[in-house]
Engineer: 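This is the structure I want to talk about, given as C-alpha cells.
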Amino acid sequence: MLGVSWSCKITNLNQNLLSLLEKCKSMLELKQLHAVVISFGLSQDDPFISKILCFSALSHSGDINYSYRVFSQLSIPTIFNWNTIIRGYSNSKTPVNSLSVFLKMLRLGVAPDYFTYPFLVKASARLLNQEFGVSVHAHIIQTGHESDRFIQNSLIHMYASCGNLMWAQKVFDSIQGKNLVSWNSMLDGYAKCGEMVTAQKVFESMLEKDVRSWSSLINGYVKAGDYSEAMSVFEKMRAVGPKANEVTMVSVSCACAHLGALEKGKMIHKYIVDSGLPLTLVLQTSLVDMYAKCGAIEEALLVFRGVSKSQTDVLIWNAIIGGLATHGLVEESLKLFKEMQTVGIQPDEVTYLCLLAACAHGGLVKEAWYFFESLNKCGMTPTIEHYACMVDVLARADQLTTAYQFISRMPIEPTAAMLGALLSGCINHRNLALAETVGKKLIELEPNHDGRYIGLSNVYAVDKRWDDARSMREAMDRRGVKKSPGFSFVEISGVLHRFIAHDKTHPDSEETNCMLNFVFRQMKFSWYKDNEEKSLEDTSTRDDLLLF
DNA sequence: ATTGATGAAC
C-alpha cells in the first residue's frame, strides 16, 4: 500500500516538475528548478535534463554557457542533447562552438543525425566560413544525408552567405521537390549578393510567394542602393502581396531614410500603427533613424521617447545621438549620451563615432580629444572612421598643423576621405600652402576620382591662381577622368523628383532655376555685405571656377 | 526538435 502511494506521489512530483520546467521564464527560475532536480537525485534523468538544456540553450532569456556546463556533466548525453547544444551555439554570438561540439561528438564516436546538420550549416553560414561549410557538406554526403530537404535548404543559405552563388544554385538545382524555403533561400541569396536582375527573375518565376519572398526582394534593392525600386516593390506588395511584417517595414523605412522621403516615411509609420504590427525595438530604431535622416528630428525624438528606457539597447541610442549630431544639435546629443550612461547602456565604437561627429559640428575640440581617449580607455580600438572624425574636428577648428601631425602619427594609412576633410579645413582657414600639398596627395591617392581634381582646383581658385586652377580641368581630360553629373532628390507631396546638374527635362525646370538664381543672388548679396573688403570682380570669377 | 529575414556610424 505504502509503495503504491509513494510511487504515485513521485509520479505526480515528476509531472509537476516537468510542467514547471516547460513554463520556465527566466534563468533564475530555471536554476531554482535545476536545484530541485539535483536534490532529488535526478541530474542524469533525461526528461528533466533535456528541458533544462533546451531552455538555457535556445530560449531568448537563456544562457548557452550554462547549458554547456550542464551538458558536460552528463555521463551519456542523448543525440537530442548533442543537437540542442549545437543548435544553441549556432544561434549564439559564438557559432564556432557548434563546430567544436561537433568535433567532440565525432571523436567520441557519436553519430550525428539529420537534425544535427542544419544547425552546423547555419553556424558556418553565420561565421561566413565556407571552409567549415564545405567540410560539413562533405560529412553530409558521407553519412548519406544529402537529399534531406532541410539540410539542402540550409546549404543554399550557407553558400549564398559566403558569396558562392554558383554552389548555392547547384544545391538548389539538385533538390527534388523544392519547397518555398528552397526558393526563398535562393532568392535571398541573389538579393544579398546584389544580383538583383537574377533575384527579380527568381522572384517572378515563383508560383508561391510569402512575406519572406517579398521582404527578401525589397531588402535586396535596399542593400543594392536602389531605394526607389525597393519602394515600388513595397507598393506592389501592398496591392497584390501578403501582409507586410516587421522585417518588411524595417527595410522599407530604411529605403525612406536614404531617399529622405519624409512624407512616405510618415505613411510607413502610419501603416505600421494601423496594421497593428508590434512596434519592436528594431522597428523603433529604424523609425528613429528614418525620421532623423529625413530631417524630422522632432519626430525621431518622439519615437525614441516612446521607448521605455529599460527596453533600450545601444543601437537605438546610437541612432538618436547620431541623428542629433547631424542636425547640429550638439548639446542635446551629448546630453543624451550622459542619459544613456545613467540608464546603464555601454557605449560602443559607433557611439563614439556619433559623439565625435557631434564635436565636429559644434567645434568642441577638447571634448573630442576626451572621447577619443575614452574610446581607448574602454578597451576599444579606434577605427579609420574615428581617426577621420578627429581630423575633421581639428580641421574645422583651424588646428591644421595638429591635424596633419595626427594623420602622420596614426598607426594606419590615411584614407582619401580623411585627407578630404583636412583639405576643406585648409581651404576654409586659408592655409593654402598645406592645402596644395594635401590636394596633390589626394590626386595621387585617387587619380580617377573627379572630385579630387576639383579639390585642388578650388585651392588654386582661392589663391587666385586662375591658370593653375584651369590646368586641373586639362589634367582631368588628359587622364580621361569624367566629371559625373551631380544630382539630388526632392520630395514634394510624397512624389520624388530627381534633379541632375544641367538637366532641363523636368517640367518645372525653368521655374526652379529662376528661384535658385534668386536665392543665389540673395546669398551673394549677404556674403558681400559680410566681406566688404573682398573685391567683386575676383569673387565672381572664383565662383565660376569653384562650381565647374 | 530542424531549414529561409530586419535596426545604428562612415
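Chain A is the first sequence line, chain B the second, and so forth, proteins listed ahead of strands; every chain is numbered from 1. Small disclaimer: the values here were computed from a predicted structure and weren't measured.
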Engineer: Does Asp148(A) reach a base, just sugar-phosphate, or nothing at all? Heavy atoms under 4.0 Å.
Structural biologist: nothing
Engineer: Under the salt bridge (charged side-chain N to carboxylate O under 4.0 Å, His left out) rule, collect the residues that match up with Arg396(A), sequence neighbours excluded.
Structural biologist: Asp392(A)
Engineer: Does any non-hydrogen side-chain atom of Leu259(A) lie less than 4.5 Å from one of Cys256(A)?
Structural biologist: no
Engineer: Can you list everything that forms a salt bridge (charged side-chain N to carboxylate O under 4.0 Å, His left out) with Arg238(A)? Sequence neighbours excluded, please.
Structural biologist: Glu235(A)
Engineer: How would you list, by chain and number, every residue that makes a side-chain contact (heavy atoms from CB on, under 4.5 Å) with His449(A), sequence neighbours excluded?
Structural biologist: Glu446(A), Arg452(A)
Engineer: How would you list, by chain and number, every residue that makes a side-chain contact (heavy atoms from CB on, under 4.5 Å) with His361(A), sequence neighbours excluded?
Structural biologist: Val330(A)
Engineer: Which residues satisfy the salt bridge (charged side-chain N to carboxylate O under 4.0 Å, His left out) test with Lys441(A), sequence neighbours excluded?
Structural biologist: none
Engineer: Have a look at Leu287(A) and say if it touches a base, only the backbone sugar-phosphate, or nothing, with a 4.0 Å heavy-atom cut-off.
Structural biologist: nothing
Engineer: Show which side-chain atoms of residues 302-309 of chain A pair as donor or acceptor with protein atoms under 3.5 Å away, not counting sequence neighbours.
Structural biologist:
unit_1	atom_1	unit_2	atom_2	d
Arg305(A)	NH1	Glu339(A)	OE2	2.9
Arg305(A)	NH2	Glu339(A)	OE1	3.3

Engineer: Is there a residue in residues 79-91 of chain A whose heavy atoms reach under 4.0 Å of DNA chain B, and which residues are they?
Structural biologist: Phe80(A), Asn83(A), Arg87(A)
Engineer: Only counting residues at least two apart or in another chain, list the ones meeting salt bridge (charged side-chain N to carboxylate O under 4.0 Å, His left out) with Lys338(A).
Structural biologist: none
Engineer: Would you indicate what Tyr114(A) reaches in the nucleic acid, counting non-hydrogen atoms under 4.0 angstrom: base, sugar-phosphate, or nothing?
Structural biologist: base
Engineer: Using a 3.5 Å cut-off and no angle test, enumerate the donor-acceptor pairs between side-chain atoms of residues 289-298 of chain A and protein atoms at least two apart in sequence or in another chain.
Structural biologist:
unit_1	atom_1	unit_2	atom_2	d
Asp289(A)	OD1	Lys293(A)	NZ	2.8
Asp289(A)	OD2	Lys293(A)	NZ	3.0
Tyr291(A)	OH	His269(A)	ND1	2.8

Engineer: Would you give me the side-chain donor-acceptor pairs under 3.5 Å for residues 413-425 of chain A, sequence neighbours excluded?
Structural biologist:
unit_1	atom_1	unit_2	atom_2	d
Thr415(A)	OG1	Met418(A)	N	3.3
Ser424(A)	OG	Gly420(A)	O	3.3
Ser424(A)	OG	Ala421(A)	O	3.1

Engineer: Considering only heavy atoms of chain A and a distance under 4.0 Å, specify the first and last nucleotide of DNA chain B in 5' to 3' order that meet this criterion.
Structural biologist: dA1(B) to dC10(B)
Engineer: In residues 168-199 of chain A, what residues come within less than 4.0 Å of DNA chain B, judged by heavy atoms?
Structural biologist: Leu180(A), Val181(A), Asn184(A), Ser185(A), Asp188(A), Lys192(A)
